[in-house]
Number of protein chains: 2
Amino acid sequence: MSIGTKVFKPAASAQAPDMGGLAAILGANGMSGHAESRAGGRVSGFPAAGAVFAFERNQAIFSDGDPVRSFYKVTSGSVRLCKLFADGRRQIAGFCFPGEYFGLAWQGSEYALTAEAMSETTVVRFPQHCLADLDRSSAGFRSHLVSLLCGELSLAQNHLLMLGRQTVKERVATFLLMMLDRRGQDRRDSVMLDLHMGRQDIADYLGLTIETVCRTISDLKRAGILGVPGPREILVKNIRLLQATANGEA
Amino acid sequence: MSIGTKVFKPAASAQAPDMGGLAAILGANGMSGHAESRAGGRVSGFPAAGAVFAFERNQAIFSDGDPVRSFYKVTSGSVRLCKLFADGRRQIAGFCFPGEYFGLAWQGSEYALTAEAMSETTVVRFPQHCLADLDRSSAGFRSHLVSLLCGELSLAQNHLLMLGRQTVKERVATFLLMMLDRRGQDRRDSVMLDLHMGRQDIADYLGLTIETVCRTISDLKRAGILGVPGPREILVKNIRLLQATANGEA
DNA sequence: CGGTTAATTGAAATATATCAACCGGTGTGG
DNA sequence: CCACACCGGTTGATATATTTCAATTAACCG
């Protein structure tokens, strides 16, 4: 159903430490990520250093069941957070793009999700104790973290509704609009959207097959709603119709 | 696709205040509920009083979009947390049973989910400021809350996997096992499971139709895995096979 | 410019939804 | 106490959406 992830060695190359990246951990913009997950924006600064690591496309950053020792920030590239079945079935719970954090799965001692690079990706890794320290010391920190988690949860609930009750057209249109918003792009016509991911990733996020995603995008293209200049790019030609499609008015 | 919820007036009858119910808010057992949501177990006590309210079957306790003013504890009956489309489609994100809390959607100012009684239900309502107060004063409180939210999130992610990538049989079997665990019931044969909900609620949790749920339960019955003594009861006759079914080994 | 990978399209198979009838308990009124 | 109506659950037949399998085309890379 889905492509087995090639598991490369985490032969990531350590680089110069990244100072102050954590300053932004409390984005609290409620827009992004996943619990186990991402967080954009910036908030109360705090001192921290992390090592830079590089990952190749499809390389695992951490896996479901690994002990939690660190959390991460994407500096370039993109990351998917997913669950895998032994037989290869895969469900993507969310994506992380540059500036976003992931791996905040600290409640337990093990990650509950797998994080994989979707393209050549660099991340900054922070030791878990940074979070714990901050949690103890900063007054506003934890409440930011809480609202962040609430935001994640809300996103997950919308994703549930999508997988459980939306049609294929609604899902694909909703996905595209979501990606537009994520980039902070205007909801105008003729906006170019870089997906930064292949069809399989879209399919695994939407709970569909790659062929169904293709066909649906082609349908939208034929309807004049989209253009597809390249495999990972979408030109939004009629956002009004795209929104109508997302709302089942098509 | 799903039954429109009859919206009764919240003509709930206020009763004697419930003291100390909040003592248990930090169950932190990580087993239950939904962010917007439930929390069982018990932890650091703290003083709080709430009024008791009663709701009839299918009556809304709060709705998606309502301003957040309170959170709740189920004292009897059961509650579903769901998202609704204008056309009647419904996705249930989770259930709450006696002892569990819900409505902890405090990050925003509006509920992101609708809470409805699934049967005659009584709840204790606490003003939102109780949470805020606790959050400020209690050292361990917020961290409990955080781990609770992480647990909710993890549950939601498993639910995503279920809706996106599991077959119907896997979903139904997984659901039944989940309900067993929820009751703290042993995973033994010949355990009687009270569902406390109708087929439509199961269907809306699993992203299926009521007929498909029926047929699948009948299949499991025919396979000797279950007995169905009453519409809302399941007799688990062969838990081993039920687990195998949940894991796709059938 | 070949060779490899990803994307697209087509045709057939299949799972699930839809539509419709039937069943069984429960409660009410005669 | 029985008859009937009501509601939820079950089953059957058919329609349909989506997957699966297979082939083709397009993009990417050395």
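Just so we're on the same page: letters track the sequence lines, and every chain starts at 1.
- Residue B/D219 contributes atom CG, which lies 12 Å from atom C1' of D/dT10 at whole-angstrom precision.
- For the pair B/L208 CG and C/dT18 P, the computed distance is 11 Å after rounding to whole Å.
- Using a cutoff of 4.0 Å between basic side-chain nitrogens and carboxylate oxygens, A/E116 and A/R90 are scored as salt-bridged.
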#### Entry: Audit row: B/K237, B/D189, salt bridge (Lys or Arg N to Asp or Glu O under 4.0 Å) steps and yes/no
CA-CA 5 Å; B/K237 294 163 83 172; B/D189 285 349; over 6 Å; no
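- Side-chain polar atoms of B/T122 and B/S76 form a donor-acceptor pair below 3.5 angstrom.
- Rounded to whole angstrom, the span from the CG atom of A/L195 across to the P atom of C/dA7 amounts to 10 Å.
- Rounded to an integer number of Å, the gap from B/I210 CD1 to D/dT11 P is 13 Å.
- Salt-bridge check for B/E249 with B/R240: failed, with every basic side-chain N at 4.0 Å or more from each acidic carboxylate O.
- Sequence order on DNA chain D of the closest nucleotides to A/R171 and B/I217 puts B/I217 first from the 5' end.
- Between A/R215 and the phosphate of D/dT18, there is no side-chain N or O to OP1/OP2 separation shorter than 4.0 Å.
- Remark: P of D/dT20 and CD of A/E211 are 8 Å apart, rounded to the nearest angstrom.
- Across all strands shown, B/S218 has heavy atoms under 4.0 Å from sugar-phosphate atoms exclusively, and none from any base.
- Look at B/T212 and you'll find a side-chain N or O under 4.0 angstrom from OP1 or OP2 of C/dA17.
- Checked against D/dG9, D/dA27, C/dT9, the side chain of A/C214 finds its nearest nucleotide in C/dT9.
- Of the candidate nucleotides D/dG9, C/dT18, C/dA7, D/dG9 has the atom nearest to the side chain of B/R199.
- Whole-Å rounding puts the A/L220 CG to C/dT9 P distance at 12 Å.
- The distance from atom CE of A/M118 to atom C1' of C/dA6 is 16 Å, rounded to the nearest whole Å.
- Among the nucleotides C/dT8, D/dT18, C/dT18, the one closest to the side chain of A/V168 is D/dT18.
- If you measure from atom CZ of A/R222 to atom P of C/dG10, you get 8 Å, rounded to the nearest angstrom.
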### Worked check of ring pair (Phe, Tyr, Trp, His ring centres under 6.0 Å) between B/F175 and B/Y205
CA-CA 9 Å; B/F175 169 76; B/Y205 181 80; 5.8 Å; yes
